Amino acid sequence: MTEASKADVNQAVMAAKAAYQGEWGSYNVGQRVDMLYAVADEITRRFDDFVTAEMADTGQPKAIMTHAFIPRGAANFKVFADVIKNVATESFQTTTPDGLGAVNYAIRVPKGVIGVISPWNAPFLLMRWKVGPALACGNTVVVKPSEETPMTAALLGEVMQTVGLPNGVFNVVNGFGPNSTGEFLTHHPDVDAITFTGEAVTGTAIMKAAAEGMRDLSFELGGKNASLVFADCDFEQAVEGIYRSSFLNSGQVCLGAERVYVERPIFEKFVEALKCKVEGVKHGRPDDVDANYGPMISHEHQEKVLSYYKNAVEEGATVIVGGGVPDMPDDLKDGAWVEPTIWTGLPETATVMKEEVFGPCCHIAPFDDEQGVIRLANDTPYGLSTTIWTTDLSRGHRVAAKIDVGITWINSWFLRDLRTAFGGSKQSGIGREGGVHSLEFYTETRNICVKL
Ligand code: NAD
């Protein structure tokens, strides 16, 4: 991997600033919209290239790429093009002592150069989700993808060149975070705002960097998400939903459920059913059509996940399934494999009940009453997402309103409409992105007052 130096980052930021003040800054909304539609079409044309690159970087099964992570690429650019095309701003008529009055109206202007820092778990999805609205609003970007997964950002650069995006509007710098490219980017004084997806600890470091020059921030951080399964749920639907939310992408999903609470009458049946599903997992290469399960992103992350597995047992967990490294054929033995794991029997104070593992695991605990399980769900410094499984929709609405998270799903998971607000509460994030909510971060509202 190439590691962009301070000088390289400076060159990228200066190119972004020049484009913002130059050709891109002179584009009107209609021209930007046309450009974003062209980007979307070119991503669709090169769909297979994106799938191949993302599989190579993450090791995850092809089906996840083709069904979930890549298809949104094109849609994302179109959604934000449509948002910016249709946006309206406020205006007020003001009374004045002379009786003639004044008119106030607002205009939205881009912020300038946006630093985009993205993680490795869904690299293309999480990066373009920020690039789309940033460009729609008229900003320029410098993107730093994760050092683990740089390829789709480079491909997006090729797409931008093919469609004729002016030079300097979309820039990519590769490298690590601390004392490296990420830090050089966040400390650069000509970066006007920073949008970041990653760990809360990294967010703290970036927040300190952004304090220099009072730059604005948008953060999408980790979670310790709870799922609440009521006895009146559609049982098969709930088992399938929790299976996906705890184990999709080998558990490396910020929105995934690592804490599952099941109402006591169906607790044992639920644990058994989820165990059966997990036992059906087949690890393998991304392009192996018989496999449905990939490795951890790196050996470093594998070790981290396995250390949580060890810790859970030391703190009293009953291992229902998994808990170690799967036995793999010789040609795959050196992969960063871990078994999907289910625990029961841990106290709420256990480490894996508090800290985000970001691996394929969940703890299942029984609960007896609605108020009690709401308290448990909220007993975390995080507040990203939750799922509620019940056929009693009154209860679903009632419970959803009391859970302190940015997004609650009732009888589903990972169902995202790009026009809706997305973000986390508490230590899971700052701000909301998605649809018109993205405008709050990627533009500034200016008021113009005209005396009549
Ligand atoms: P990370 O914080 O380690 O790294 C994310 C990015 O930040 C990488 O590009 C990295 O190089 C960069 N970085 C690291 N230190 C930096 C520094 N000091 N200055 C500038 N940049 C720095 O996160 P990760 O391990 O790549 O991703 C996993 C985490 O991301 C999990 O906590 C997960 O929950 C979270 N996540 C959140 C969301 C969300 O939408 N809320 C989505 C996906 C992932």
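Predicted model, so just to flag it, every value in this text is computed and none were measured.
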Quiz item: Any side-chain donor paired with an acceptor under 3.5 Å for Glu3 and Thr181?
Solution: no
Quiz item: Under the side chain to side chain donor-acceptor pair (under 3.5 Å) test, which residues partner Glu54, sequence neighbours left out?
Solution: Thr152
Practice problem: Using the ring-ring contact (aromatic ring centres under 6.0 Å, His included) rule, collect all pairs that involve residues 6-29, keeping only residues at least two apart or in two chains. | Solution: Trp24-Tyr27
Quiz prompt | Under 3.5 Å donor-acceptor, Lys333 side chain and Met328 backbone | solution = yes
Quiz prompt | Distance-only side-chain donor-acceptor flag, Thr195 / Glu433, under 3.5 Å | solution = yes
Quiz item: Do Glu355 and Tyr308 have side-chain N/O donor and acceptor atoms under 3.5 Å apart?
Solution: yes
Quiz item: Counting distance only, does the side-chain N/O of Thr140 pair as donor-acceptor with the main-chain N or O of Ala16 below 3.5 Å?
Solution: yes
Quiz item: Where the side chain of His67 meets the backbone of Ala63, is there a donor-acceptor pair that is under 3.5 Å apart?
Solution: yes
Quiz item: Any side-chain heavy atom of Leu255 sitting closer than 4.5 Å to one from Ser245?
Solution: no
Exercise. Starting from the C-alpha separation in whole Å, work towards a yes-or-no answer on side-chain contact (heavy atoms from CB on, under 4.5 Å) for Tyr309 and Val305.
Key: CA-CA 6 Å; Tyr309 282 14; Val305 171; 3.6 Å; yes
Quiz item: salt bridge (Lys or Arg N to Asp or Glu O under 4.0 Å) between Glu444 and Arg108: does it pass, once the steps are laid out?
Solution: CA-CA 6 Å; Glu444 243 171 30; Arg108 279 190 181 275; over 6 Å; no
Self-check item: Check: Trp337 main-chain N/O paired with Gln302 side-chain donor or acceptor under 3.5 Å
Solution: yes
Practice problem: Give a yes or no on whether the backbone of Asn378 and the side-chain of Lys426 come within a donor-acceptor separation of less than 3.5 Å. | Solution: yes
Practice problem: Identify whether the distance between the nearest side-chain nitrogen and carboxylate oxygen of Asp192 and Lys111 falls below 4.0 Å. | Solution: no
Quiz item: Between the main-chain N or O of Gly324 and the side-chain N or O of Glu339, is there a donor-acceptor pair closer than 3.5 Å?
Solution: yes
Quiz item: What closest approach, in Å, do Asn171 and Ala15 show between heavy atoms, and which atom pair accounts for it?
Solution: OD1-CB, 3.9 Å
Exercise. Please report the C-alpha distance between Arg285 and Asp288 in whole Å, then the side-chain angles of each, then the deciding distance to 0.1 Å, and finally whether the salt bridge (Lys or Arg N to Asp or Glu O under 4.0 Å) criterion is met.
Key: CA-CA 5 Å; Arg285 294 183 192 281; Asp288 176 352; over 6 Å; no
Quiz item: Would you say Tyr293 and Pro340 make side-chain contact, with heavy atoms under 4.5 Å?
Solution: yes
Self-check item: Straight-line distance of His187 NE2 to Ile194 CD1, nearest 0.5 Å
Solution: 8.5 Å
Quiz item: Does Asn249 reach the main-chain N or O of Gly251 with its side chain, forming a donor-acceptor pair under 3.5 Å?
Solution: no
Self-check item: Nearest non-hydrogen partners of Pro145 and Val172, listed with the distance
Solution: CD-CG1, 3.9 Å
Self-check item: Partner residues of Phe124 under the ring-ring contact (aromatic ring centres under 6.0 Å, His included) criterion, sequence neighbours left out
Solution: Phe50
Quiz prompt | Heavy-atom donor-acceptor pair, Thr387 side chain to Ser227 backbone, under 3.5 Å | solution = no
Quiz item: Can you check whether Lys282's main-chain N or O pairs, donor with acceptor, with Asn292's side chain at less than 3.5 Å?
Solution: yes
Quiz item: With ring centroids as reference points, do His363 and Trp343 lie under 6.0 angstrom apart?
Solution: no
Quiz item: Do the side chains of Thr58 and Thr149 get nearer than 4.5 Å, heavy atoms only?
Solution: yes
Quiz item: Side chains of Thr408 and Thr386: donor-acceptor distance under 3.5 Å anywhere?
Solution: no
Quiz item: Got Glu158 and Arg46 here, is their nearest side-chain heavy-atom distance under 4.5 Å?
Solution: yes
Quiz item: Roughly how far, to the nearest 0.5 Å, is CD of Gln427 from CZ of Phe219?
Solution: 12.0 Å
Practice problem: Verify the neighbour count for atom CG of Asp331: are there more than 12 heavy atoms of other residues, nucleotides or ligands below 6.0 Å? | Solution: yes
Exercise. Compare all side-chain heavy atoms of Leu274 with those of Cys362 and state whether any distance is below 4.5 angstrom.
Key: yes
Practice problem: Test Leu126 against Lys130 for side-chain contact (heavy atoms from CB on, under 4.5 Å), laying out the working first. | Solution: CA-CA 7 Å; Leu126 293 166; Lys130 293 167 178 299; over 6 Å; no
Quiz item: Could you state the interatomic distance from CE (Met353) to CG (Leu346), rounded to the nearest 0.5 Å?
Solution: 6.5 Å
Quiz item: Measuring from Lys144:NZ to Asn174:CG, what's the distance to the nearest 0.5 Å?
Solution: 7.5 Å
Exercise. Can you run down the side-chain hydrogen bond (donor to acceptor under 3.5 Å, both in side chains) pairs that involve residues 116-127, sequence neighbours left out, and say none if there aren't any?
Key: none
Quiz item: So which heavy atom on Ser438 is nearest to which on Pro133, and how close?
Solution: CB-CB, 3.8 Å
Practice problem: Would you give the length of the straight line joining atom CG of Leu384 to atom CG of Leu221, rounded to the nearest 0.5 angstrom? | Solution: 8.5 Å
Practice problem: Locate the shortest heavy-atom distance separating Ile84 from Ala136; write the atom from each residue and the value. | Solution: CG1-O, 3.4 Å
Quiz item: Can you pull the salt bridge (Lys or Arg N to Asp or Glu O under 4.0 Å) pairs that have at least one residue in residues 162-187, sequence neighbours excluded?
Solution: none
Exercise. Using a 4.5 Å cut-off on heavy atoms from C-beta on, say whether the side chain of Lys304 contacts that of Met296.
Key: no
Practice problem: Might you point out which heavy atoms bring Cys233 and Ala238 nearest each other, and give the distance in Å? | Solution: SG-CB, 3.8 Å
Quiz item: Below 4.5 Å, heavy atoms only, C-beta onward: do Asn225 and Val405 meet side chain to side chain?
Solution: no
Exercise. Count the heavy atoms of every other residue, nucleotide or ligand shown that sit under 6.0 Å from NZ of Lys354, and state whether that count exceeds 12.
Key: yes
Quiz item: Within a strict 4.5 Å, meaning less than it, do heavy atoms of the Leu135 and Phe80 side chains meet?
Solution: no
Quiz item: Between Ala377 and Leu228, what is the shortest heavy-atom contact and its length?
Solution: CB-CD1, 4.0 Å
Quiz item: Can you tell me how far the NZ atom of Lys85 sits from the NZ atom of Lys78, to the nearest 0.5 Å?
Solution: 10.5 Å
Quiz item: Do other residues, nucleotides or ligands put more than 12 heavy atoms under 6.0 Å from Glu279 CD?
Solution: yes
Exercise. Take Tyr261 and Arg259, measure what side-chain contact (heavy atoms from CB on, under 4.5 Å) needs, and give me the verdict at the end.
Key: CA-CA 7 Å; Tyr261 298 98; Arg259 296 183 296 144; 3.3 Å; yes
Exercise. Take Val169 and Val141 through the side-chain contact (heavy atoms from CB on, under 4.5 Å) test and state the conclusion after the steps.
Key: CA-CA 6 Å; Val169 176; Val141 295; 6.0 Å; no
Quiz item: Side chain of Asn86, backbone of Asp82: donor and acceptor closer than 3.5 Å?
Solution: yes
Quiz item: Any cation-pi pair here, Lys277 with Tyr243, using under 6.0 Å and within 45°?
Solution: yes
Quiz item: Is the count of non-hydrogen atoms from other residues, nucleotides or ligands lying under 6.0 Å from Asp216 atom CG greater than 12?
Solution: yes
Self-check item: side chain to side chain donor-acceptor pair (under 3.5 Å) between Ser5 and Asp8, intermediate numbers included
Solution: CA-CA 5 Å; Ser5 65; Asp8 295 330; 3.1 Å; yes
Quiz prompt | salt bridge (Lys or Arg N to Asp or Glu O under 4.0 Å) partners of residues 408-425, not counting sequence neighbours, each pair once | solution = Asp417-Arg419
